[in-house]
Protein chains: 4
Amino acid sequence: MDAIIEAAARILEEQGHGGFTTNAVAELAGVSIGTLYQYFPDKDALLGALIARETAGLVEGAEAACMLATGQQALDALVRAAVRHQVRRPRLARLLDFEEARLPLDAGTQVVRSRFVAILAEILARPDFPEQSDIAAATGDVASIMRGMIDAAGERGEQGQDALVARVRRAVLGYLSMPAGSCP
Amino acid sequence: MDAIIEAAARILEEQGHGGFTTNAVAELAGVSIGTLYQYFPDKDALLGALIARETAGLVEGAEAACMLATGQQALDALVRAAVRHQVRRPRLARLLDFEEARLPLDAGTQVVRSRFVAILAEILARPDFPEQSDIAAATGDVASIMRGMIDAAGERGEQGQDALVARVRRAVLGYLSMPAGSCP
Amino acid sequence: MDAIIEAAARILEEQGHGGFTTNAVAELAGVSIGTLYQYFPDKDALLGALIARETAGLVEGAEAACMLATGQQALDALVRAAVRHQVRRPRLARLLDFEEARLPLDAGTQVVRSRFVAILAEILARPDFPEQSDIAAATGDVASIMRGMIDAAGERGEQGQDALVARVRRAVLGYLSMPAGSCP
Amino acid sequence: MDAIIEAAARILEEQGHGGFTTNAVAELAGVSIGTLYQYFPDKDALLGALIARETAGLVEGAEAACMLATGQQALDALVRAAVRHQVRRPRLARLLDFEEARLPLDAGTQVVRSRFVAILAEILARPDFPEQSDIAAATGDVASIMRGMIDAAGERGEQGQDALVARVRRAVLGYLSMPAGSCP
DNA sequence: CATGAATGAGGGTTCATTCAT
DNA sequence: GATGAATGAACCCTCATTCAT
């Protein structure tokens, strides 16, 4: 039931973990608690489904970005997708981010998440970016940078997307164009 | 009682939020639940004390970094301090980071946190770094980048400090040396 | 659930405040503690419901008394109702009386209580009683006299109703027929 | 320790049963909790001592009243003593009244309390009062009337003593002068 | 004698989950 | 399928009481 997942999302972003109870979700969704348990075996399954739904949107954007011709364009679209995703529901995104680390991630979500990283890796390997000696590490770092900056913006309640997109791109490009292993 | 705070730290990093109950903390600390409540008026106060303790170490390192002559040296020391802090107890650091956002942060902790940012701002303003048009934004971004990368490393269970330090420095320097506002 | 309220009544009269715990009430009622809290948001709400239930019976009797033709008859019925109410469960009545003073009496119960006083005022104003210079004070005093005598009888464990009724009537009539303000 | 008893009194009248904890009493008295327990074996003992202290003042007044020549004078003084006692610390008096019923009254307090009734009985037997067919019952009733009216005044927060004294005397004299056993 | 840190049974309350209807 | 009353383990926290110093 989509209504249940959406109710879970709303409760989570409006009340935080404190108010996130199965009963509250069921009530907001307009179904009985029994019905909720018919669709989701337990609370974590509901959370997992919510995470999957949210992550899916992000991956869709990433896949679209991947279609673009140049690396610059693709990266730009990817950053934009990530920012848009976060700006839409910042608190929810942050909370789910945190939950993801705690959950015994079911296979489905795992795949979705690594799909994003795979796409990012493909983009960073494009010829219009400086070649990276360790592409896997670079990919991980870029992902971390994006996540760190975007989460922080959400936490601060930043509103506009464009400024944030510009700054994230600056960070990513700066990282990529900086030679690895410069002296200590 | 330091034993109680340390027990709280251990419970949190070993069992996560789920296992973090006042009774569990008291038991691990080897005191009765009543004793715990004689030192901390409620659960959040205990959490606050733990956050303060952990954050304090980090700020100390930052303050030492601030003493160094050049910006490069100071930044290097700062990154190193942050990495060391995180690598020591990665899970704990991440969980506390999250709690900090939720707590009605008492003044003391607030100060500690903003102190770190203030130090970072001072370092970034040094003459051996490229001048930033918006120093506040740059400071925030650099902090986010550091946090994002270091948290991710902790999440992945990365062990060695040096590689991580090098990569974080690369990201920060890359960001700083990239001119802001390059078009797409 | 009536069973819960009745269990509360029994616990209260058999064990006093000391034994009046939500767990004890639930157990005696034969329901789980969770069920109790589904019907009453907290302990005070349960107490309030019990007070309302007990007071209701008394007011009913008072209202019936009010229908009677003469003041003498009405007063007699009123006293009888109050005595009957108290004699039925003396300890419970006394304890609830006390709690009533402590509770942030919800509107419903407030009304019930003042209703009794209003009825008493109406009865005392009947023409077959001596006219009172300050009817409000007289009403309050008569109510206090009744309550004092009836509570004391309950405390002593007095059993029969008739003797007590006769004595209360004597006190009330004595008060009413005594001119106010006779000097010493 | 008188300071402890007085602290108990103050806590009780200012915070009610809810705040009446041995720790609070000790703190207000300016002694340690250990000291409190050196003087009073347990909480009820402290309460008992407080009751004894308060009741004692009342009995003293009653004994003084008993010395007066006529019944009228003695009764007047007795009522006045009771009212004064209550008006001084109304909430405390009411709470202690209630506790008295619950406590396994130690012999000392028992004696004090029945002493008051004995004095009242003696006064009511004076020749300037109408003769009572059942002097024991009359004594109990008069005591109950006094207590009911005076407690109610305290509950209402009534301030002046004189009006209350006049009304109580009216009630008592009215009761005494009313022939027992008038028709139903 | 005074102290006060320590104790821990027990109290009020929540909430994930079940199951008879 | 849907319902929602019922469950009870577990949580946070209090407070009367003890006892080593």
Side-chain angles (χ1 to χ4, degrees), chain A residues 1 3-4 8 11 15 17-27 29-47, chain B residues 1 3-4 11 17-27 29-47, chain C residues 1 3-4 11 17-27 29-47, chain D residues 1 3-4 8 11 15 17-27 29-47:
Chain A
M1 200 72 134
I4 296 174
I11 293 272
Q15 329 228 25
H17 281 116
F20 184 56
T21 70
T22 50
N23 286 281
V25 170
E27 190 184 5
V31 303
S32 75
I33 180 68
T35 301
L36 186 153
Y37 272 88
Q38 222 131 36
Y39 287 93
F40 304 97
D42 59 23
K43 202 189 183 189
D44 277 357
L46 170 57
L47 206 48
Chain B
M1 199 72 130
I4 296 173
I11 293 272
H17 282 116
F20 183 57
T21 72
T22 50
N23 285 282
V25 170
E27 190 182 3
V31 302
S32 75
I33 180 66
T35 299
L36 186 152
Y37 276 91
Q38 213 138 37
Y39 289 94
F40 305 96
D42 58 24
K43 203 190 183 188
D44 276 359
L46 171 57
L47 205 48
Chain C
M1 198 73 129
I4 296 174
I11 294 272
H17 283 116
F20 183 57
T21 72
T22 51
N23 285 281
V25 170
E27 192 182 3
V31 301
S32 75
I33 181 65
T35 299
L36 187 153
Y37 275 91
Q38 214 138 37
Y39 288 94
F40 304 96
D42 58 25
K43 202 189 183 187
D44 277 358
L46 170 57
L47 205 48
Chain D
M1 198 73 132
I4 296 174
I11 294 272
Q15 329 227 26
H17 281 114
F20 183 57
T21 70
T22 51
N23 286 281
V25 170
E27 190 184 4
V31 302
S32 74
I33 181 66
T35 301
L36 186 152
Y37 273 88
Q38 221 129 36
Y39 288 93
F40 304 96
D42 60 23
K43 203 188 182 190
D44 277 358
L46 170 57
L47 205 48

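Naming convention: chains lettered A, B, ... in sequence-line order (proteins, then strands); numbering from 1 in each chain. Being a predicted model, the structure only gives us computed values, none of them experimental. Keep in mind that the numbers below use all heavy atoms, side chains included, and drop hydrogens, waters and symmetry copies.
Rounded to the nearest 0.5 Å, atoms CG (Leu46(A)) and OG1 (Thr22(A)) are 8.5 Å apart. The line from OG of Ser32(A) to CD of Gln38(A) is 8.0 Å long, rounded to the nearest 0.5 Å. Atom NZ of residue Lys43(D) and atom OH of residue Tyr37(D) lie 8.0 Å apart, to the nearest 0.5 angstrom. Remark: Thr21(C) OG1 to Ile11(C) CD1 distance equals 6.5 Å, nearest 0.5 Å.
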Derivation of the side chain to side chain contact (heavy atoms under 4.5 Å, CB included) call for Leu47(C) and Phe20(C): CA-CA 10 Å; Leu47(C) 205 48; Phe20(C) 183 57; 3.7 Å; yes
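Looking at every heavy atom in both residues, Val25(C) comes nearest to Ile4(C) through CG1-O, 3.7 Å. Ala29(A) and Ala3(A) get closest at one heavy-atom pair: CB-O, 3.8 Å.
One atom, OH of Tyr37(D), and another, P of dA20(F), lie 18 Å apart when rounded to the nearest Å. Atom CG in Asp44(B) sits roughly 13 Å away from atom C1' in dC13(F) (whole-Å rounding). Rounding to whole angstrom units, CG of residue Leu47(C) and P of dG12(E) are separated by 11 Å. Here the P atom of nucleotide dA16(F) and the CG atom of Asp42(D) are 11 Å apart, to the nearest Å. The interatomic distance linking Glu27(D) (CD) with dA5(E) (C1') rounds to 15 Å, in whole Å. The distance between atom NE2 of His17(C) and atom C1' of dG12(E), rounded to the nearest whole Å, is 16 Å.
Every residue two or more places apart in sequence or in another chain was checked for a salt bridge (charged side-chain N to carboxylate O under 4.0 Å, His left out) with Asp42(A), and none qualifies.
Across all strands shown, Tyr39(A) has heavy atoms under 4.0 Å from sugar-phosphate atoms exclusively, and none from any base.
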Note, DNA chain E 5' to 3' with Watson-Crick or G-U pairs under 3.5 Å encoded as ( ), [ ], | and . gives .||||||||||||||||||||
For nucleotides 7-11 of chain F, list the nitrogen or oxygen atoms of the protein found under 3.5 Å from its nitrogen or oxygen atoms, one pair per line.
residue	atom	partner	partner atom	Å
dT7(F)	OP2	Ser32(C)	N	2.9
dT7(F)	OP2	Ser32(C)	OG	3.4
dT7(F)	OP2	Thr35(C)	OG1	2.9
dG8(F)	N7	Gly34(C)	N	3.4

